[in-house]
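Heavy-atom basis, side chains included; hydrogens, waters and symmetry copies ignored. In this text, all values refer to a predicted model and were calculated from it rather than measured experimentally. Start at 1 with the first residue, then count along the sequence.
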Amino acid sequence: MTDWAWDYNPSAEYVTGGLSAGVVAEVERIATELAALGRDSMKVGRPIDREGGLREFDILGGRGFISFLSVPRHECVYVCNVTWYG
């Protein structure tokens, strides 16, 4: 377990506006799991050939994905965008 946290960037309203409560709950669950990984969250999702930078992770069986940044200096995972096809 790490001391990392997660947050929305720029804000929860901007990132999750218009999404259903179930999708938001899944995004927040995944963000919590990414924060628990700490530094290893820089290797999760796409692109698979490098670590760091803006990353993407599928949600709810591929019906959408989240874009996130893992920032070791802040010990934080920032959820930057949610794309939902449902």
Side-chain angles (χ1 to χ4, degrees):
M1 199 69 174
T2 68
D3 291 332
W4 279 47
W6 72 270
D7 199 0
Y8 289 107
N9 183 9
S11 69
E13 296 80 22
Y14 180 83
V15 175
T16 63
L19 297 175
S20 70
V23 174
V24 173
E26 179 66 3
V27 167
E28 292 180 354
R29 184 191 69 78
I30 291 172
T32 301
E33 295 293 326
L34 290 168
L37 289 173
R39 217 174 247 287
D40 289 335
S41 63
M42 296 188 313
K43 302 173 188 175
V44 172
R46 296 180 299 270
I48 57 173
D49 59 339
R50 62 181 169 85
E51 65 181 58
L54 189 64
R55 312 211 42 93
E56 295 177 347
F57 190 80
D58 289 338
I59 59 172
L60 296 169
R63 291 184 286 175
F65 63 90
I66 64 171
S67 300
F68 66 94
L69 284 171
S70 297
V71 183
R73 180 180 58 208
H74 296 172
E75 292 187 345
C76 192
V77 174
Y78 294 101
V79 177
C80 301
N81 189 44
V82 178
T83 300
W84 180 243
Y85 302 120

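Remark: the backbone N or O of A12 is paired with a side-chain donor or acceptor of T16 at under 3.5 angstrom. Checking side-chain atoms of R55 against main-chain N and O of S67 turns up no donor-acceptor pair under 3.5 Å.
Closest heavy-atom contact between C76 and D7: SG-N, 4.0 Å. The minimum heavy-atom distance between I59 and W84, with the atom names listed, is CD1-CE3, 4.2 Å. Across all non-hydrogen atoms, the minimal contact from V15 to V79 is CG2-O, 3.8 Å. Heavy-atom minimum distance, T83 versus N81: OG1-ND2, 3.3 Å. Shown here for I30 and D58, the closest heavy-atom pair between the two residues is CD1-O, 4.3 Å. Between L54 and P47, the shortest heavy-atom contact is O-CD, 4.0 Å.
Clustering ILVMFWY residues whenever any of their side-chain heavy atoms sit less than 4.5 angstrom apart, transitively, puts V27 in a cluster other than the one holding V71. V77 and V82 fall within the same hydrophobic cluster, defined by Ile, Leu, Val, Met, Phe, Trp and Tyr side-chain heavy atoms under 4.5 Å apart, directly or through other members. Linking ILVMFWY residues whenever their side-chain heavy atoms come closer than 4.5 Å, directly or via other members, places L34 and V23 in the same cluster.
The salt bridge (charged side-chain N to carboxylate O under 4.0 Å, His left out) pairs that include a residue from residues 66-86 number zero, where partners must be two or more places apart or lie in different chains.
In terms of the ring-ring contact (aromatic ring centres under 6.0 Å, His included) criterion, residue partners of W6 (sequence neighbours excluded) are, by chain and number, Y8.
Contact check for S70 versus W4: side-chain heavy atoms found under the 4.5 Å cut-off.
Remark: R46 CZ is packed, more than 12 non-hydrogen atoms of other residues, nucleotides or ligands lying under 6.0 Å away.
In the hydrophobic clustering, F65 connects to Y85, either directly or through intervening members, whenever side-chain heavy atoms lie under 4.5 Å apart.
Separation of atoms CZ (F68) and CG (N9) is listed at 13.5 Å; rounding is to 0.5 Å. In this structure, NZ on K43 lies 5.5 Å from CD on E51, to the nearest 0.5 angstrom. Atom NE2 of H74 sits about 11.0 Å away from atom CG of L69, to the nearest 0.5 Å.
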